[in-house]
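Below is one structure, written out as structure tokens; comments come after it.
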Amino acid sequence: LTLAAWLVAFGAHAQLGEGDITVSATQGVEWDQANQVYIARGEAVVKQGTVEVYGDTLFAFYRDAGSGANAASATGSIYRIEAVGKVRALLDGDQLNADKLIYNFDTGIVDAIGGQPSFKTSDGLLVQAGQALKYDPRALRAYALGTVMAYDRESRIKANEMTLFFFPAETGRQPSRIQSVLAKGRVIVDQEEGVAEADELLYDPVNRLAELKGNVNLLQPNGSIVSGEFVSFDFESGLGQVLADDKKRVTVVIKPGEAP
């Protein structure tokens with residue numbers, strides 16, 4: 001194909017409802033018509049609106065008119081981007097890093113795997129996952145699996161899995177874009193006030209409220225320990241409540257000569 005013919009073909013496939021898609025690369029872009037994919041190699045970049053994806057190699061899969069899940073509206077468009085190698089994605093102010101990324105334009109869902117994928121929100125929260133990350137902007141959620149670590153200015157959270165819940169765009173005036181954080185499985189929260197362990201954590205960063213459930217242990221800097229099955233804590237007021245269940249009592253261990 002001549003360059004002019006290639007550009008016409010790519011332009012026909014790159015029309016989406018939220019703006020055109022542009023692809024660039026230092027080593028060139030090839031068009032595989034048999035498999036309906038464009039392949040960009042060498043510091044490749046794909047952009048559409050507020051979404052930018054960078055990687056060593058990018059694959060842009062397209063469908064012909066009248067095919068795919070959205071056949072009624074498909075006019076020949078790119079529907080999936082796969083990026084491989086030193087991947088970095090900018091998503092409406094958030095940033096995602098991984099070895100491999102798959103972005104589905106139909107659903108808006110981003111899947112990141114390999115190289116301990118990380119997700120940094122515009123609020124400054126950094127989440128690193130041992131296995132995979134999934135970002136679903138339409139459901140206002142992000143999921144992290146496999147020895148997850150989350151960091152912000154005041155605390156560090158470790159868990160087996162974590163879900164971030166976001167406010168809708170129209171409530172962006174909130175102090176935080178993050179509505180809540182749900183962590184499950186061997187949860188450890190490390191803050192200046194002490195360390196908390198539990199099976200599950202639900203944290204509200206806007207109101208600075210935390211609820212811990214299941215095998216809860218609060219380890220204070222002075223060595224005191226509080227144990228129970230449910231703990232609620234208000235970081236603003238410094239007030240908390242520890243509750244037991246039918247099988248387990250609340251236990252407080254106080255070091256001699258120390259205040260609890």
Side-chain angles (χ1 to χ4, degrees), residues 49-53 87-98 101-104 107-113 116-214 216 218 230-240:
T50 58
V51 175
E52 300 179 12
V53 180
V87 178
R88 178 169 58 97
L90 304 180
L91 311 164
D92 297 320
D94 301 321
Q95 180 170 320
L96 194 154
N97 295 75
L101 178 144
I102 301 173
Y103 178 47
N104 188 311
T107 64
I109 294 176
V110 180
D111 288 291
I113 56 176
Q116 292 187 324
S118 64
F119 180 75
K120 186 174 183 179
T121 71
S122 56
D123 298 47
L125 177 67
L126 174 63
V127 178
Q128 294 177 323
Q131 296 180 4
L133 283 169
K134 180 186 289 287
Y135 178 58
D136 188 345
R138 297 181 186 178
L140 299 174
R141 297 181 184 183
Y143 308 89
L145 299 173
T147 312
V148 183
M149 299 292 296
Y151 308 84
D152 64 10
R153 293 182 297 272
E154 300 175 345
S155 61
R156 179 179 65 181
I157 303 173
K158 182 179 180 180
N160 289 342
E161 61 181 81
M162 192 176 297
T163 304
L164 306 181
F165 299 87
F166 299 96
F167 283 109
E170 58 268 22
T171 59
R173 291 172 294 177
Q174 293 280 352
S176 170
R177 283 190 60 241
I178 302 173
Q179 186 174 30
S180 61
V181 178
L182 177 62
K184 294 183 177 182
R186 296 183 176 181
V187 179
I188 300 176
V189 182
D190 190 351
Q191 293 187 321
E192 184 178 350
E193 296 89 346
V195 177
E197 300 174 344
D199 294 335
E200 182 175 314
L201 164 71
L202 180 62
Y203 178 58
D204 174 354
V206 177
N207 299 302
R208 300 199 68 206
L209 300 173
E211 293 182 354
L212 298 100
K213 299 179 181 179
V216 182
L218 303 180
F230 177 86
V231 172
S232 62
F233 192 81
D234 185 334
F235 289 97
E236 289 296 331
S237 66
L239 298 176

TODO: Specify the closest pair of heavy atoms between Val87 and Leu101, including all atoms of both residues, with the distance to one decimal.
DONE: CG1-CB, 3.6 Å
- [ ] Could you tell me which residues satisfy side-chain hydrogen bond (donor to acceptor under 3.5 Å, both in side chains) with Asp190, sequence neighbours excluded, listed by chain and number?
- [x] Arg156
Open item on the list: On a heavy-atom basis, which atom in Ala198 and which in Lys213 lie closest, and how many Å separate them?
Closed with: CB-O, 3.7 Å
Could you list the donor-acceptor pairs under 3.5 angstrom formed by side chains in residues 200-210, with sequence neighbours left out?
unit_1, atom_1, unit_2, atom_2, d
Asp204, OD1, Val206, N, 3.0
Asp204, OD1, Asn207, N, 3.2
Asp204, OD2, Asn207, ND2, 2.7
Arg208, NH2, Glu154, OE1, 2.9

Task: Closest non-hydrogen atom pair, Leu140 against Phe167 - done: CD2-O, 3.9 Å
Task: Heavy atoms of other groups near Glu52 CD, more than 12 under 6.0 Å - done: yes
Open item on the list: Show, in sequence, the C-alpha distance, side-chain angles and deciding distance for Lys184 and Asn160, and conclude whether the side-chain contact (heavy atoms from CB on, under 4.5 Å) test is met.
Closed with: CA-CA 6 Å; Lys184 294 183 177 182; Asn160 289 342; over 6 Å; no
TODO: Identify the two heavy atoms, one from Leu164 and one from Leu125, that lie closest to each other, and give their separation to 0.1 Å.
DONE: CD2-CD2, 4.0 Å
- [ ] List the atom of Leu145, the atom of Glu161, and the distance in Å for their closest heavy-atom pair.
- [x] CD2-CB, 3.7 Å
TODO: Let me see the working for Glu211 and Phe230 under side-chain contact (heavy atoms from CB on, under 4.5 Å), right down to the final yes or no.
DONE: CA-CA 7 Å; Glu211 293 182 354; Phe230 177 86; 4.1 Å; yes
- [ ] Quick one: closest heavy-atom pair of Asp199 and Val187, and the distance?
- [x] O-CG2, 3.7 Å
- [ ] Please work out whether the ring planes of Phe119 and Phe166 are parallel, tilted or perpendicular, with thresholds of 30° and 60°.
- [x] perpendicular
Task: For Gln95, all residues meeting side-chain hydrogen bond (donor to acceptor under 3.5 Å, both in side chains), sequence neighbours excluded - done: Asn97
